[in-house]
Amino acid sequence: MELEEASGEDKGQRKSLETSLEGKKVVLVPYMREHVPRYHEWMQDPALLLATGSEPLTLDQEYQMHLSWTQDPNKHTFILLDKELIAGSFVHGDPHVEAMVGDVNIYMNDPDDLQTAEIEIMIAEPKSRGKGLGEESVLMMMTFAVENYGIQKFCAKIGDSNAASLHLFRKLGYVDASYSEVFKEVTLELPVTEQSFKILVI
Ligand SMILES: CC(C)(COP(=O)(O)OP(=O)(O)OC[C@H]1O[C@@H](n2cnc3c(N)ncnc32)[C@H](O)[C@@H]1OP(=O)(O)O)[C@@H](O)C(=O)NCCC(=O)NCCS
């Protein structure tokens with residue numbers, strides 16, 4: 001369910017900055033400045049840095065990163081709220097830091113092919129893993145990306161030891177497309193067809 005929509009000329013391009021999406025188990029909210037300190041705490045964990053292929057940043061650098069992500073029209077990020085952890089009722093525009101458990105993002109990183117998006121998912125809070133939040137969030141993000149940005153193919157780059165993530169994406173129909181010996185990383189792809197889009201609309 002879409003709760004709020006962007007308006008004016010930004011519609012479409014920066015919609016992820018204005019929209020909250022409610023699923024059965026998660027609410028996806030825009031990545032706000034208020035989320036940065038908790039996000040920064042997560043990204044001190046060596047296991048999460050490894051799983052997401054990230055470098056540790058200072059808090060200042062994390063604020064800069066937040067700014068760059070929110071200003072780049074080819075990157076779209078949502079923070080995941082675990083609905084079981086929301087204090088009171090969900091309010092659009094409230095960061096609900098108490099319930100933030102991870103993020104999902106897409107990145108159209110090939111300027112010659114803006115219809116292909118790399119997708120990443122992270123459930124940073126261990127207590128919220130294994131409850132279906134990752135799967136629901138990926139499906140919601142894919143639906144949002146197809147409907148708002150005309151994405152026709154998704155890819156995911158996953159470390160070959162990351163069994164949970166590999167299982168999740170293969171379950172959703174992604175197939176192995178290539179393997180990098182250097183990065184020990186599998187690239188999985190899913191073209192958007194009429195058939196694959198049917199599983200997206202949840
Ligand atoms: C990998 C991750 C995104 C999965 O999200 P999640 O919410 O925990 O997973 P879900 O509950 O939605 O489960 C989806 C599927 O993956 C499977 N799965 C989840 N955790 C698993 C694990 N540790 N090992 C094997 N399979 C696992 C589930 O069983 C389910 O498949 P099933 O329905 O066939 O049983 C999450 O655990 C995570 O972020 N981990 C750390 C960071 C990371 O690795 N990010 C990926 C970088 S792209």
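None of these values were measured; they are calculated from a predicted model. Ligands are counted one by one from 1 in listed order, and the atoms in each one are counted from 1 as well.
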Q.
Tell me whether Met140 shares a hydrophobic cluster with Leu172, the cluster being built from Ile, Leu, Val, Met, Phe, Trp, Tyr side chains joined at under 4.5 Å.
A. yes
Q: Identify, chain by chain and in numerical order, each protein residue with a heavy atom under 4.0 Å from an atom of ligand 1.
A: Leu48, Ala51, Ile121, Met122, Ile123, Arg129, Gly130, Lys131, Gly132, Leu133, Gly134, Glu135, Asn162, Ala164, Ser165, His167, Leu168, Lys171
**Q.** Passing candidate, side chain to side chain contact (heavy atoms under 4.5 Å, CB included) with Glu118, options Ile106, Asn109, Asn105
**A.** Asn109
Q: For Ser180, enumerate each residue passing the side-chain hydrogen bond (donor to acceptor under 3.5 Å, both in side chains) test, keeping only those at least two apart in sequence or located in another chain.
A: none
Q: With the side chain counted from C-beta on, respond yes when Phe169 and Ile119 share a heavy-atom pair under 4.5 Å apart, and no when they do not.
A: yes
Q | For Lys184, side-chain hydrogen bond (donor to acceptor under 3.5 Å, both in side chains) partners two or more places apart | A | Glu181
Q. Do any pairs count as a side chain to side chain donor-acceptor pair (under 3.5 Å) and have a residue in residues 51-65, sequence neighbours left out, and if so which ones?
A. Thr52-Ser54, Thr58-Gln61
